[in-house]
Amino acid sequence: MKSNGKCRYKIRGGQGHMMLHGRYPMGWLFVLLVIPAGVWAAEAGGGALVDTSRSPHVRMRNVDLGAVRWTEGFWAQKFALCRDSMIWSVERGLLDPENSEHLINFKIAAGLVEAERRSTAWSDGDCYKWLEAVALVYEVTREARLDALMDEWIEIIGKAQASDGYISTEIGDDRAGRLQMPHKHELYCMGHLLTAACVHHRVTGKDAFLRLARKTADYLEGEFRPGRVELAHFPWNPSVYMGLVELYRTTREVRYLELAEILIGNRGQSPGGGDHRNGGTDQTQDRVPLRKETQAVGHAVCAMYLYCGAADLFAETGDVTLLDALRRIWANVTSRQMYVTGAVGAGGGVSVRGDPLHEAFLGDYELPSRSGYCETCSNIGNAMWNWRMLSLTEDAKYADVMERVLYNSMLSAVSIDGERFFYCNPLKWTGEASGPTKHHTAERWSVHSCYCCPPQVARTVAGLSGWAYSVSADELWVHLYGGSRIATQLTDGTPVSVEQESRYPWDGRVVLTFRNRPAKAVALKLRIPRWAEGATVKVNGRKVEGVSAGAYATLRRRWSVGDRVELELPMAVRLIEAHPNVRELRGAVAVMRGPVVYCLELPEKQGGKRVWDEGVFLAEKVRFGSRFNGKLLGGVTVLHGRAMNTKERDRFREQRRGALVSGDSDWANRLYRRFEPSAAEGAAMGSVDIELIPYFAWANRGVSWMTVWMPLAR
Ligand SMILES: [Zn+2]
């Protein structure tokens with residue numbers, strides 16, 4: 001256990017880049033990085049959602065809350081849905097006695113209500129996540145009722161907090177019960193308190209929630225800094241790492257950063273016991289120290305939060321052993337363990353090192369569609385991790401994964417009306433009322449036996465404008481396309497203001513117009529997704545050379561007011577195949593258009609069972625037409641095509657016997673690639689008219705038969 005008051009990071013001392021190597025006493029760190037008292041208070045009301053504005057080891061910085069506004073189009077609509085529906089449906093869920101997570105527990109713990117607490121152990125954390133979502137909506141709307149709503153709950157939370165800063169509505173006053181069982185999720189809950197409090201402080205400028213958070217962090221420091229061996233096995237639900245780093249960023253108290261380092265260093269140091277409740281197992285990413293790990297293992301939500309926390313820690317310390325580990329694990333996830341929707345966490349089983357697993361990464365190429373666990377929280381965690389990796393590296397491959405999650409396995413978690421939610425996001429459903437676990441449901445719900453996912457979606461959608469752009473000294477980076485306006489400063493203080501217009505992802509055209517004249521040459525960095533081969537860029541009508549897919553196009557010049565950049569992303573429908581080691585997906589293809597994964601959905605009410613039973617097979621040269629339907633599922637582009645039923649497929653198979661099927665060479669460590677039909681394939685298309693809808697919009701029309709992967713007629 002690394003608890004001897006020493007740490008192992010390299011420190012860059014502000015702009016001077018003073019490098020210190022090797023092991024230094026914690027006290028030195030404090031002397032080097034301490035910020036005069038009072039500075040944190042002076043910064044009230046500023047900062048980014050994940051505030052990297054002073055992080056020495058990011059390559060690009062997140063923009064402050066308020067710098068970006070969605071104006072129209074896809075994400076503007078989703079934000080409006082969050083503002084008008086999601087935060088309120090989550091509030092109703094958290095107040096509903098039938099639900100698993102309850103706001104009222106804070107009133108009970110505060111002594112304001114006499115009742116018996118009912119909830120999961122992780123209930124408090126999900127309430128904090130909801131408050132974070134409310135704060136992010138308030139940041140845009142400035143509605144007084146939201147401010148008052150937050151104040152009301154923060155006051156109650158304060159009353160529920162013990163005088164020493166500990167807070168858990170489940171453990172309550174039972175001091176002997178504290179930090180005894182990782183599975184009680186105390187660090188998960190308190191971690192989300194820290195994050196929500198930082199966001200609330202940045203949005204409102206108020207200190208009440210932040211004061212509670214500091215007390216909580218001080219309590220945790222008192223428990224974990226002394227390095228008690230019996231606490232080494234406390235890895236469960238590592239959202240506290242992100243929370244501690246964010247609290248450091250908000251307060252500049254280096255103690256909180258050190259505590260994150262201590263907790264991440266505890267990984268793999270546990271005496272173990274062969275079960276996730278006492279650590280030392282792959283289930284909790286605690287068998288192998290993070291810095292030595294080579295693959296994603298264990299509980300997928302915990303894994304993602306661990307990787308996010310480690311990325312945050314690297315952003316502050318520059319400890320390359322963390323970044324190296326994250327790169328290795330990322331390569332494993334994206335080439336072996338990620339669904340085509342960006343979802344992660346295949347389910348339950350046994351790890352490669354023999355540990356029992358649940359809600360977890362199962363191993364290389366184990367990606368079952370129907371039983372896939374694909375928890376909303378882990379999917380979003382994957383996006384959060386990739387967003388962080390992008391800012392650390394400038395590598396567009398991370399933005400591709402981030403976008404893959406956002407349009408697919410993140411949005412699938414919420415109904416089109418913003419009222420109901422999914423916990424599991426499997427890639428196949430065959431008409432059942434329920435699935436392989438109680439969290440696999442045929443339709444979304446408004447209350448559930450585990451309610452971690454709804455506030456996770458709400459806070460992500462609420463804050464997503466903060467993910468769309470980044471800045472550096474002379475660059476403005478555009479990561480997400482959609483109608484928006486940004487008015488911010490580059491890191492050297494140069495003001496930049498740009499307006500973006502786009503109907504993306506339904507349309508591949510994006511227009512960016514400068515609304516100010518920056519005082520120096522600035523590079524506009526446009527993300528060209530990996531799938532967008534053939535994308536074109538024009539500046540004031542003149543084509544730009546050297547635009548390549550899977551990279552950022554760099555447009556550097558002295559910009560003037562009204563300068564216009566036009567990006568055209570090709571939106572042709574693509575067939576995707578999976579690596580043949582994913583046995584279940586051999587001979588099947590998925591369909592994508594732009595960043596959107598499509599699915600075949602056959603609602604029960606529309607006779608879906610009959611069509612499903614008769615079989616749906618795609619010809620290799622299947623063609624899809626696309627059409628935007630504003631009246632369907634909140635307005636989506638649907639794909640129309642023809643497929644074969646089983647009889648037609650059998651006839652086709654007879655005719656093409658002996659023909660070659662497409663080759664399986666050159667996977668180049670990829671898990672998915674564009675499918676190329678074999679030359680010998682004929683043009684048979686079949687007689688079944690099919691309509692594909694975006695995967696995220698499935699299960700809004702009652703119980704259905706649904707699949708992302710469709711078998712080829714072979
Ligand atoms: Zn969840």
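First listed ligand is number 1; within each ligand, the first listed atom is number 1. Only this structure's heavy atoms are used, side chains among them; waters, hydrogens and symmetry mates stay out.
- With Y398 as reference, W330 is the one residue of W467, W330, W385 to meet the ring-ring contact (aromatic ring centres under 6.0 Å, His included) rule.
- Distance check, rounded to the nearest 0.5 Å: CD of Q456 to CD of E375 gives 8.5 Å.
- Of the candidates F106, W122, Y188, Y128 forms a ring-ring contact (aromatic ring centres under 6.0 Å, His included) with just one, namely F106.
- With F74 as the aromatic partner, K78 meets the cation-pi criteria of under 6.0 angstrom to the ring centre and within 45 degrees of the ring axis.
- Counting only protein atoms, the N, O or S atoms lying less than 2.8 Å from the Zn ion (ligand 1) are E375 OE2, C377 SG, C452 SG, C453 SG, ordered by chain and residue number.
- Between Y423 and Y373, the distance separating the two ring centers is shorter than 6.0 angstrom.
- Ring geometry for W429 against W698 counts as tilted: the plane angle lies between 30° and 60°, on a 0 to 90° scale.
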